[in-house]
Amino acid sequence: MQRIDFELDREYVELNQLLKLAGLCDSGGQGKQIVASGAVYVDGAQELRKTCKIHAGQVVRIEDVEIRVV
């Protein structure tokens, strides 16, 4: 499993933007499509809200990639 540590420079980041900033997709719109497909999990639970607020300490997983937000 690939692990990415994403350093948060604000209070939160929207889930679709996190996927873009972490390099897993090319745009926020593509990130929304990935979330809508049901492939994204936040802290072990499937997340379907495209603009879900992700805070430091949370873990986002998509397929075999894990993003730890610090």
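Under the rule for a salt bridge (Lys or Arg N to Asp or Glu O under 4.0 Å), the partners of E47 that lie at least two apart in sequence or sit in another chain are R49. Partners of Q33 according to the side-chain hydrogen bond (donor to acceptor under 3.5 Å, both in side chains) rule, which considers only residues two or more places apart in sequence or in another chain, do not exist here. Listed by chain and residue number, F6, R10, V13 satisfy the side-chain contact (heavy atoms from CB on, under 4.5 Å) test with L21 (two or more places apart in sequence, or in another chain). Listed by chain and residue number, nothing satisfies the salt bridge (Lys or Arg N to Asp or Glu O under 4.0 Å) test with E63 (two or more places apart in sequence, or in another chain).
I4 and L19 fall within the same hydrophobic cluster, where Ile, Leu, Val, Met, Phe, Trp and Tyr residues are linked whenever their side-chain heavy atoms come under 4.5 Å apart, directly or through other members.
The hydrophobic cluster around V70 extends to none of the other residues, as no ILVMFWY side-chain heavy atom falls under 4.5 Å of it.
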Enumerate donor-acceptor pairs with a distance under 3.5 Å from any side-chain N or O in residues 55-62 to protein atoms, sequence neighbours excluded.
unit_1, atom_1, unit_2, atom_2, d
H55, ND1, E11, O, 3.2
Q58, OE1, H55, N, 2.8
Q58, NE2, D43, OD2, 3.2

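The line from CD of E66 to CD of Q2 is 10.5 Å long, rounded to the nearest 0.5 Å. Put simply, OG1 on T51 and OH on Y12 are 9.0 Å apart, with the number rounded to the nearest 0.5 Å.
Contact detail for C25 and Q30: the closest heavy-atom pair is CB-OE1, 3.4 Å.
Applying the salt bridge (charged side-chain N to carboxylate O under 4.0 Å, His left out) test to residues at least two apart or on different chains, none of the pairs has a partner in residues 15-33. Note on residues 35-54: no pairs pass ring-ring contact (aromatic ring centres under 6.0 Å, His included), not counting sequence neighbours.
The side-chain heavy atoms of L24 and I67, taken from C-beta on, include a pair separated by under 4.5 Å.
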